[in-house]
Amino acid sequence: QVQLVESGGGLVQAGGSLRLSCVASGITFRRYTLAWFRQAPGKEREFVAATSQRSGTTIYGDSVKGRFTISRDNAKSTVILQMNYLRDDDTAIYYCAASESVIVSQMRFQSGYPYWGQGTQVTVSS
């Protein structure tokens, strides 16, 4: 059974930083593309970042480029999202997602990921 468990969310002031973690179980972690998406109240789920070890590809959503960094620790089956220079519009529930088969051109689309975590809330206050 595949499980993705996010942690690290919370309340932070604008300009601050947070580090989200997602621990995976039930998968051969190094073979999977891992991604982060987010959903703000009243808005559609938005792509944040994704990383594929097999293809050597890491991509970011336009709104987070230069501020967020995605990384993975295969030994711990963990994907991390380091978020710096947080803004009010980064407030959302952040979801971890995993896929063994998503191709590079589809990495930013939700439909490419069959496995999802329950989400962790990030609130940025000004």
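- Hydrophobic clustering (ILVMFWY, side-chain heavy atoms < 4.5 Å, transitive): V122 and L34 are in one cluster.
- Taking hydrophobic clusters as Ile, Leu, Val, Met, Phe, Trp and Tyr residues chained together by side-chain heavy-atom distances below 4.5 Å, Y32 does not share a cluster with V102.
- In this model, no donor atom of one side chain and acceptor atom of the other lie less than 3.5 Å apart for T123 and T91.
- Considering CH2 of W116 and CD of E6, their distance stands at 9.5 Å, rounded to 0.5 Å.
- Contact detail for A50 and A35: the closest heavy-atom pair is CB-CB, 3.7 Å.
- The hydrophobic cluster containing V12 also contains V48, counting ILVMFWY residues as joined when their side-chain heavy atoms lie under 4.5 angstrom apart, directly or transitively.
- Across all their heavy atoms, A14 and D88 have their closest contact at CB-OD1, 4.0 Å.
- Counting only heavy atoms from C-beta outward, the side chains of S25 and V2 never approach each other to under 4.5 Å.
- Residues Q82 and S17 form a side-chain contact, since some pair of their non-hydrogen atoms from C-beta on lies under 4.5 Å apart.
- Within the 3.5 Å criterion, the main-chain N or O of Y85 finds a donor-acceptor partner in the side chain of R67.
- Contact between I80 and T78 at its shortest, heavy atoms only, is CG1-CG2, 4.0 Å.
- Closest heavy-atom contact between L4 and C22: CB-SG, 3.9 Å.
- Note on F47 and V79: separate hydrophobic clusters, where clusters join Ile, Leu, Val, Met, Phe, Trp and Tyr whose side-chain heavy atoms are under 4.5 Å apart, directly or indirectly.
- A donor and an acceptor atom, one from each side chain of R38 and Y94, are located under 3.5 Å apart.
- Here the OH-CD distance, from Y95 to Q110, works out to 10.0 Å after rounding to the nearest 0.5 Å.
- Applying the ring pair (Phe, Tyr, Trp, His ring centres under 6.0 Å) rule to Y115 yields no partners; only residues at least two apart in sequence or on another chain are considered.
- Residues S99 and P114 share a closest heavy-atom pair of CB-CD, 3.7 Å.
- Rounding to the nearest 0.5 angstrom, the gap separating the CG atom in D73 from the OG atom in S21 is 9.5 Å.
- Residues passing the ring pair (Phe, Tyr, Trp, His ring centres under 6.0 Å) test with Y113, sequence neighbours excluded: F37.
- Note that CG of L86 and OG of S126 are 12.5 Å apart. Values are rounded to the nearest 0.5 Å.
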Please walk me through it: do T120 and L20 pass side-chain contact (heavy atoms from CB on, under 4.5 Å)?
-> CA-CA 8 Å; T120 185; L20 305 184; 4.1 Å; yes
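- When the side chain to side chain contact (heavy atoms under 4.5 Å, CB included) test is applied to N74, the partners found at least two apart in sequence or on another chain are F29, R30, Q53, R72.
- Atom OG1 of T51 is separated from atom CD1 of I59 by 9.5 Å, given to the nearest 0.5 angstrom.
- Residues W36 and L18 fall within the same hydrophobic cluster, defined by Ile, Leu, Val, Met, Phe, Trp and Tyr side chains chained together at heavy-atom separations under 4.5 Å.
- In this structure, a donor-acceptor pair under 3.5 Å is present between the side chains of S63 and E46.
- Note that OG1 of T33 is 5.0 Å distant from CE of M107, once rounded to the nearest 0.5 Å.
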